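Note that ligands are numbered from 1 as they come in the structure, with each ligand's atoms numbered from 1 the same way. Quantities reported herein were computed from a predicted structural model and do not represent experimental measurements.
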Amino acid sequence: MERIDPAGAGRIGQVVILGGGTAGWMTAAALARTFRQRLSITLLESEEIGTVGVGEATIPTIHWFNQLAGLDEAAFLRATKATFKLGIEFVDWARPGHRYLHPFGQYGVPLPGVAFHHRWLKARAEGLDLPLPAFSLATRLALDNRFAKPTSDARSILSTLGYAYHFDANLYARHLRELAEALGIVRIEGRLAEVERDPETGFVTALTTVSGERLPGELFIDCSGFRALLIEGEMQAGYDDWSHWLPCDRAVAVPSERVAETTPYTRSTARAAGWQWRIPLQHRTGNGYVYCSTFLGDDEAAATLLANLDGAALAEPRFLRFTAGRRHRAWIGNVVAIGLSAGFLEPLESTSIHLIQSGIAKLLTLFPDRGCDPALATRFNALFGADMDNIKDFLILHYHATEDKPEPLWTQCRHMALPDTLVEREREYRRTGRLMLGSEELFREASWLAVLNGQGVTAEGYHPVADTIDPAVNRTQLQQIVEAMNRAAAAQPKHDAALAALIA
Ligand code: FAD
């Protein structure tokens, strides 16, 4: 029987991926698992050029990708030296001496009538003296170095949890490479020398390596990192520069010795010209200082980082440069950019690996035929652009809602003009306690609530439906939730013990 081919251009049979960092191998593994033997996939990478080699903290959407790739959790934890992550602790962000956690999972429990946080806002307006974090089981566990996985039983308070991982990015890429190669992906070692294009359509038709190997294809995935060799070098996509909102443009990274007891959360500590990350792994701790080069030199940044490690440094500090923003179009013709080639937002909320997998998900949904219908690219670019825009607003909130920080970076960020979308969202929250989110946004109510509340942005009102609940009943129910969380938290194992049990 004849196969239906609505695009009339034939199915794609040959895909070439340029780059073997986290993005390249995630894309390779996902395509190989999804299309099985129907696609012939070649991946070109250069060991001499190497990968960016950082990118160690994730968010709970990682479970979607690991499932798609068919990873066994225990084997993955072992292979990547991973630890569990229940959220991010922000130290000295709102003001010096202050700390809060952005937890994964929910605040409170779902109750009838109105979203939980409106009940809390109402109770607070009526004199209840219980802070928001008291209603987050993930926060309670994290700050006591305990860990439990969420259950799917909605009656259990453990169902309010969410979790992700910290892992060694190089080991993760290697793990995925083994999987992808076992599924038939062909890896070519070499440096890109030339790109062939069809003079009529402008489509890329083949890549040639320095040693003269020619890699023909019908679809090309640009995973070449910050170099963006195909999407920018060839297709000239253009870059939307967001450094006026997110001025940090450098990072210095260094691994240090493992700490005695690993914490199930990433720590982000605000510094004079940016912030420092601390990511605990099984065998070492990942550290880095993200900073703004207008206000701080490289030597000073490295010295600050080295003076603020939990253990001895294990390597020389490594410097990275970037510009916050996104490729104006991440899909042009038959070239799709995934990973750093598509844009970059600093790792404050650990979103880059998520953006890789959400790019892969979109590519799978919109996978083209050989003609590469431009409508698919338009849709991809609109969705990817919206993802980046929304995350950008969330990051800006962290920089802008601060007080008592006199350094020039913080003064500048406190007074900068904000995107209209963020102004509107903050205004509505302050007035009514409402969080007006689009259905496709990555960060949901609990995340916005955590950071707004953590950075000192408070709501004056709450939803009118909360007034239908008797104040005494509301207060009793909230206190019962806190007591249930206290009991549940005390019963969970320490993080290292939970990890050891799962790996074993
Ligand atoms: P790369 O790792 O740079 O890979 C590019 C590939 O292209 C390499 O294989 C290279 O060899 C190949 N290549 C390039 N040029 C050529 C050529 N001419 N010929 C052949 N091959 C070529 N993300 C998170 O999710 N969480 C984090 O905590 C986090 N922290 C980060 C901290 C910093 C400071 C930075 C800069 C990024 C961080 N990221 C984080 C982002 C994360 O590191 C990246 O999203 C991820 O590693 C994907 O990178 P990539 O594969 O796109 O690029």
A student comparing T22, N170, L340 should find that the heavy atom closest to atom 44 (C) of ligand 1 comes from L340

Provide the number and element of each atom of ligand 1 under 4.0 Å from a heavy atom of G339.
-> 52 (O)

Which protein heavy atom lies closest to atom 11 (O) of ligand 1, and at what distance to 0.1 Å?
-> S46 O, 3.0 Å

Donor + acceptor pair across side chains of T83, H495 (<3.5 Å) | no

Hey, is the main chain of A301 close enough, under 3.5 Å, to the side chain of R250 for a donor-acceptor pair?
-> no

Of the side chain and backbone of C223, name the one, both, or neither that has a heavy atom under 4.0 Å from an atom of ligand 1.
-> backbone

Ligand-residue contact atoms, ligand 1 with G190, heavy atoms, under 4.0 Å | 19 (N), 20 (C)

Measuring from the heavy atoms of G286, does anything fall under 4.0 Å of ligand 1?
-> no

Give the single entry among P347, A173, G225 that approaches atom 32 (C) of ligand 1 most closely by any heavy atom.
-> P347

For ligand 1, is any non-hydrogen atom under 4.0 Å from S352's backbone (N, CA, C, O), its side chain (CB onward), both, or neither?
-> both

In terms of atom number and element, which parts of ligand 1 are under 4.0 angstrom from non-hydrogen atoms of A57?
-> 24 (C), 25 (O), 26 (N), 27 (C), 28 (O)

Could an N or O of ligand 1 be found under 3.5 Å from any N or O of W277, whether backbone or side chain?
-> no

Would you check whether A23 has a nitrogen or oxygen atom less than 3.5 angstrom from a nitrogen or oxygen atom of ligand 1?
-> yes

Decide whether E56 and Y172 meet the rule of one side-chain donor and one side-chain acceptor closer than 3.5 Å.
-> no

N/O of I353 under 3.5 Å from N/O of ligand 1, yes or no?
-> yes

Aromatic plane relationship, F35 with F367 - under 30° parallel, 30 to 60° tilted, over 60° perpendicular = tilted

Under the 3.5 angstrom rule, does the side chain of E441 hit a backbone N or O of N390 as a donor-acceptor pair?
-> no

With heavy atoms under 4.0 Å as the rule, classify the contact between A251 and ligand 1 as side chain, backbone, both or neither.
-> side chain

Charged N to carboxylate O below 4.0 Å: is that the case for D496 and R258?
-> yes

Please confirm whether L229 comes within less than 3.5 Å of ligand 1 when only nitrogen or oxygen atoms on both sides are compared.
-> no

Can you find an N or O of V54 that's nearer than 3.5 Å to an N or O of ligand 1?
-> yes

Going by the 4.0 angstrom heavy-atom rule, the piece of I356 near ligand 1 is side chain

Between E178 and R174, is there a salt bridge with N-O shorter than 4.0 Å?
-> no

Of all the atoms in ligand 1, which lie at a distance below 4.0 Å from a heavy atom belonging to S224?
-> 5 (C), 7 (O), 14 (C)

For T58 and ligand 1, answer yes if some heavy atom of the residue is under 4.0 Å from a ligand atom, otherwise no.
-> no

Which of the numbered atoms in ligand 1 are below 4.0 angstrom from a heavy atom of E56?
-> 26 (N), 27 (C), 28 (O)

Heavy-atom side-chain contact between W331 and K362 under 4.5 Å = no

Does S224 reach the main-chain N or O of R227 with its side chain, forming a donor-acceptor pair under 3.5 Å?
-> no

Considering heavy atoms of the protein only, find what lies nearest to atom 29 (C) of ligand 1 and give residue, atom and distance to 0.1 Å.
-> G55 CA, 3.1 Å

Which part of E47 is near ligand 1, with near meaning a heavy atom under 4.0 Å away: side chain, backbone, both or neither?
-> neither

Quick one: does I338 get an N or O within less than 3.5 Å of an N or O on ligand 1?
-> no

Would you call W25 a ligand 1 contact, heavy-atom distance under 4.0 Å?
-> no

Ligand 1 atoms in contact with V52 (distance to a heavy atom under 4.0 Å) | 1 (P), 2 (O), 3 (O), 43 (O), 47 (O), 49 (O)

Could you pull out, from G24, G19, A164, the option with a heavy atom nearest to atom 12 (C) of ligand 1?
-> G19

Cationic N near anionic O, under 4.0 Å, R271 to D92 = no

Sequence neighbours left out, what passes side chain to side chain donor-acceptor pair (under 3.5 Å) with K149? Give chain and number order.
-> E73

Hey, is CG on D72 packed in by over 12 heavy atoms from elsewhere, all under 6.0 Å?
-> yes

Ring center gap for W448 and F443 short of 6.0 angstrom = no

Do you see a donor-acceptor pair shorter than 3.5 Å between the side chains of D249 and S293?
-> yes

Is the closest basic N to carboxylate O distance between E189 and R187 below 4.0 Å?
-> yes

For atom 19 (N) of ligand 1, find the nearest protein heavy atom and state the residue, atom name and distance (0.1 Å precision).
-> L192 N, 2.9 Å

Could you label the plane-to-plane angle of the F90 and H102 rings as parallel, tilted or perpendicular, counting under 30° as parallel and over 60° as perpendicular?
-> parallel

Heavy-atom proximity to atom 17 (C) of ligand 1 ranks first, among I188, I49, L43, T27, for I49

Look at the rings of W410 and W93 and say which category their plane angle falls in: under 30° parallel, 30 to 60° tilted, over 60° perpendicular.
-> perpendicular

Should G20 be counted as touching ligand 1, given the test is an N or O pair under 3.5 Å?
-> yes

Within 4.0 Å of some non-hydrogen atom of E45, the atoms of ligand 1 are 9 (O), 21 (N)

Note the single closest protein heavy atom to atom 37 (C) of ligand 1, along with its residue, its atom name and the distance in Å.
-> F344 CE1, 3.5 Å

When you check the gap from the basic side-chain N to the acidic O, do R278 and D310 get nearer than 4.0 Å?
-> yes

Under a heavy-atom criterion of less than 4.0 Å, does G50 contact ligand 1?
-> yes

